[in-house]
Amino acid sequence: MVFKFEWVPALAKGLPLTLEITFTCIGIGIVLGVLLALARVYGSRPLRWITSAYIQFFRGTPLLVQLFIVYFGLPTWGITLSRFTSAILALGLNTAAYQAEYFRGAIQAVRGGQMLAARSLGMSLPQSIRSVILPQAFRLVLPSWSNEFILMLKYSSIVFTITLYDLMGLAKRLASRNFRYFEVFVVVALFYLALVSIISFILRLIERRVRIPGLGTSGAAGGPR
Amino acid sequence: MDRLLRVEDIHKRYGKEEVLKGVTFEMLKGETKVVIGPSGTGKSTLLRCINRLTPADQGRVWLEDEEITHTRTNINKIRAQIGFVFQSFNLFSHLPALGNVRIAPMKVKGMKREEATRLAMEELGRVGLGDKADAYPAELSGGQQQRVSIARALAMSPKLILFDEPTSALDPELIGEVLEVMVNLAKEGMTMLVVTHEMGFARAVADEIIFMEHGVIVEHGSPSDMFARPKHARTGEFLNKISELYGETD
Amino acid sequence: MLRASLINIQLLAALIAVGYLVGTLVALLQVYGGRVLKAIANLYEWIFRSIPALVLLFLFYYGPPRFGLDISAFLAATLALGFRSSAYQSQIFRGAIECIPSGQMLAARSMGMSRLRAIFTVILPQAFRLSIPGWTNEFSSVIKDTTLAYAVGFNEIMRYARVIQDSRYELAMLAFIAVALVFLLLTGAGNALMGGVERRFRIPGLQMPGSGSGDHCR
């Protein structure tokens with residue numbers, strides 16, 4: 001087995017794209033996910049039904065299928081998107097479905113009495129949601145959300161199947177050029193290990209920073225049950 | 001006309017059970033009325049029907065000249081004038097005491113931050129918690145949390161405050177500090193409608209005691225009348241029972 | 001297409017089996033192992049949870065030949081995805097074990113059972129039942145990951161869809177949507193099956209708070 005050191009900087013060139021894809025799709029996921037969750041909790045019946053169907057589809061079908069539908073399937077309907085756009089679209093829609101569920105759980109975990117209190121003070125429904133429910137929901141959802149971030153980081157590797165040269169894409173190309181598949185992928189594995197560990201660590205720090213006493217997953221404040 | 005609140009023929013049913021079967025009464029400005037009765041007789045439901053947290057099936061409610069129950073009424077505007085203190089406090093967990101008290105004046109009344117903060121500190125001082133402004137609800141005792149929630153209601157300068165069993169969820173030693181705040185409020189002339197078992201409080205400041213059972217008002221009168229000469233046997237029975245249990249507290 | 005999906009199902013069954021056996025072992029090591037064994041188990045879990053499934057697939061596919069071993073694509077995919085699943089399954093199982101009151105182990109030991117015997121006769125039966133919900137989750141999760149084997153050139157359902165795309169371009173979208181529907185069906189069937197398993201093995205009073213490890217597969 002031979003390992004070449006120059007592989008490391010060569011592969012590292014794929015990092016920016018990997019991170020870019022991850023951050024972008026997570027961003028899409030947050031915005032869309034929050035909207036979907038709000039629709040699920042506060043929306044009318046038809047709205048709830050549509051969002052539920054969306055979530056079930058994107059959670060129940062493989063990501064690879066979704067990616068191919070966007071990249072290979074859409075052109076047959078006349079919509080052609082670039083590789084990058086296809087990737088972030090497919091991944092973004094996918095993570096939005098999962099984030100919607102996590103967020104819905106968080107919204108519902110905020111104790112009902114707080115909504116009552118907000119309304120009794122004269123706050124309108126939108127105001128109550130914005131000032132009381134959402135700030136708490138965002139904190140409650142952090143652990144699941146961090147998890148999702150890491151997951152997306154790992155699944156971003158799937159974009160190599162549509163020939164995008166992120167970390168994984170470069171790895172495949174490098175490996176097929178010098179036929180040292182195993183060795184190259186060991187190096188890639190180490191890359192991902194490092195990436196995941198560092199980002200996990202950072203996320204945990206953020207979680208600790210944002211913590212409010214009593215606002216854990218048990219939400220103890222606010223009086224007896 | 002000093003009439004502040006008029007409740008007329010309120011009915012409410014949950015599924016098959018009718019919890020309120022036609023409740024009617026009035027309150028004048030500055031009055032303190034205490035509602036007592038066995039659990040589950042709709043006392044809390046009555047309070048929630050007044051500010052439409054729970055919509056009544058039938059009946060009407062007026063705050064001064066405005067009909068609360070009318071469909072065209074802006075309910076948020078009404079609620080901004082009625083304070084509500086919950087049995088389970090319901091403080092906003094993500095805000096410290098100060099934040100809890102000033103958020104409604106800022107968001108509902110559009111007050112500027114500095115002014116709202118000043119007002120909030122004033123109200124917190126009024127309930128004796130000026131030094132706890134930065135504490136989060138989870139860091140406060142039950143009695144402190146309830147006092148913050150009273151300050152939160154006061155910050156909106158309400159015309160009327162509804163208290164839904166404010167001390168029932170508190171440990172005995174903490175009840176006193178909350179009742180003290182409530183007694184002072186009553187003495188300062190706030191119009192208060194209080195559902196409670198605390199007879200000491202009723203005897204001290206209530207202008208009238210309303211006894212409810214099975215969804216209707218059985219009897220009402222001044223504390224001295226009710227205790228000495230209850231018109232219904234049931235009233236006397238109940239009063240004696242809770243006086244035994246809760247006795248004098250102040 | 002049905003024949004192609006059968007391949008996915010076979011892969012699924014195989015990898016779940018691997019995942020279950022290894023996962024249980026790892027969980028036991030993490031709970032009951034000595035310091036060294038626990039560290040090894042934790043390291044294992046960390047590695048197989050942090051490395052993307054695709055990378056693992058490549059490693060297991062191209063690795064063995066490097067060392068002179070010749071294994072089929074099916075076996076490579078099974079091992080790669082199976083070990084990965086085991087890392088997640090060990091967490092489910094560990095959660096289940098930790099749910100059992102420690103008094104049970106004490107009672108078993110005080111009756112004279114050796115540690116190993118106590119684990120087998122008292123802890124495992126309960127842990128098994130407690131982990132069924134989490135396991136159900138894992139099952140319907142992992143079913144989607146079988147499509148990743150396509151990326152290593154394994155002939156499963158995705159390859160079939162691509163073949164259609166190459167030969168009859170207009171049908172491409174339909175083909176992919178059909179695949180999606182197949183999976184929705186499979187997941188639904190899987191959930192129903194697991195629901196039946198859970199009911200069959202249920203013991204009143206024996207429940208785990210929360211709902212398992214969540215969906216880590218796409």
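Reminder, nothing fancy here: chain letters follow the sequence lines and each chain counts from 1.
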Peer 1: With Phe176(C) as reference, evaluate Ile69(A), Leu67(A), Leu74(A) under the side-chain contact (heavy atoms from CB on, under 4.5 Å) test and give the passing residue.
Peer 2: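 Of all the options given, the one that passes is Ile69(A).
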Peer 1: Can you measure from CZ (Phe191(A)) to CD1 (Ile51(C)) and round to the nearest 0.5 angstrom?
Peer 2: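 Output value for this atom pair is 13.5 Å.
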Peer 1: Which atoms of Glu101(A) are under 4.5 Å from chain C, going by heavy atoms: the side chain, the backbone, both sets, or neither?
Peer 2: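 Neither part; nothing is under 4.5 Å.
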Peer 1: Ignoring hydrogens, what is the shortest heavy-atom contact between Pro52(C) and Lys154(A)? Give both atom names and the distance.
Peer 2: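 Taking every non-hydrogen atom into account, CB-O, 3.5 Å.
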Peer 1: Minimum heavy-atom separation for Gly63(C) and Phe182(A), please, with both atom names.
Peer 2: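 So the two residues come closest at CA-CD1, 3.1 Å.
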Peer 1: I need the minimum non-hydrogen distance between Ser50(C) and Leu193(A), along with the two atoms involved.
Peer 2: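 Scanning both residues completely, I find the closest heavy atoms to be CB-CD2, 3.4 Å.
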Peer 1: Is the shortest heavy-atom distance from the side chain of Tyr155(A) to the side chain of Leu148(C) under 4.5 Å?
Peer 2: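 Answer yes - side chains close enough.
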Peer 1: Sequence neighbours left out, what passes side-chain contact (heavy atoms from CB on, under 4.5 Å) with Ala100(A)? Give chain and number order.
Peer 2: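 In terms of side-chain contact (heavy atoms from CB on, under 4.5 Å), with neighbours along the sequence ignored, Ala100(A) is linked to Leu36(A), Ile55(A).
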Peer 1: Please confirm whether the backbone N or O of Leu64(A) pairs with a side-chain atom of Lys144(C), one donor and one acceptor, at under 3.5 Å?
Peer 2: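 Side chain of Lys144(C) to backbone of Leu64(A), a donor-acceptor pair under 3.5 Å: no, none is there.
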Peer 1: Could you pull out the closest heavy-atom pair between Gly60(A) and Thr187(C), with the gap in Å?
Peer 2: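 Where Gly60(A) meets Thr187(C) most closely, the heavy atoms are O-OG1, 3.5 Å.
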Peer 1: Side-chain contact, heavy-atom cut-off 4.5 Å: Val179(C) with Phe68(A)?
Peer 2: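 Sidechains of Phe68(A) and Val179(C): no contact.
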Peer 1: Under 4.5 Å, heavy atom to heavy atom: which of residues 19-49 of chain C reach chain A? Give them by number, or say none.
Peer 2: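 Interface residues of residues 19-49 of chain C: Trp46(C), Ile47(C), Arg49(C).
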Peer 1: Among Leu56(C), Thr146(C), Leu184(C), Leu186(C), which residue has the highest count of heavy-atom pairs closer than 4.5 Å to chain A?
Peer 2: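 The residue among Leu56(C), Thr146(C), Leu184(C), Leu186(C) with the greatest pair count is Leu184(C).
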Peer 1: Using 0.5 Å steps for rounding, measure from the CZ atom of Phe60(C) to the CZ atom of Phe185(A).
Peer 2: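 It comes to 14.0 Å.
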Peer 1: Measure distances from Leu195(A) to the heavy atoms of chain C and classify the residue's part below 4.5 Å as side chain, backbone, both or neither.
Peer 2: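 For Leu195(A), no heavy atom lies under 4.5 Å from chain C.
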Peer 1: Check each atom of Tyr61(C) against the heavy atoms of chain A and say whether the ones under 4.5 Å are side chain, backbone, both or neither.
Peer 2: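 Tyr61(C) has no heavy atom closer than 4.5 Å to chain A.
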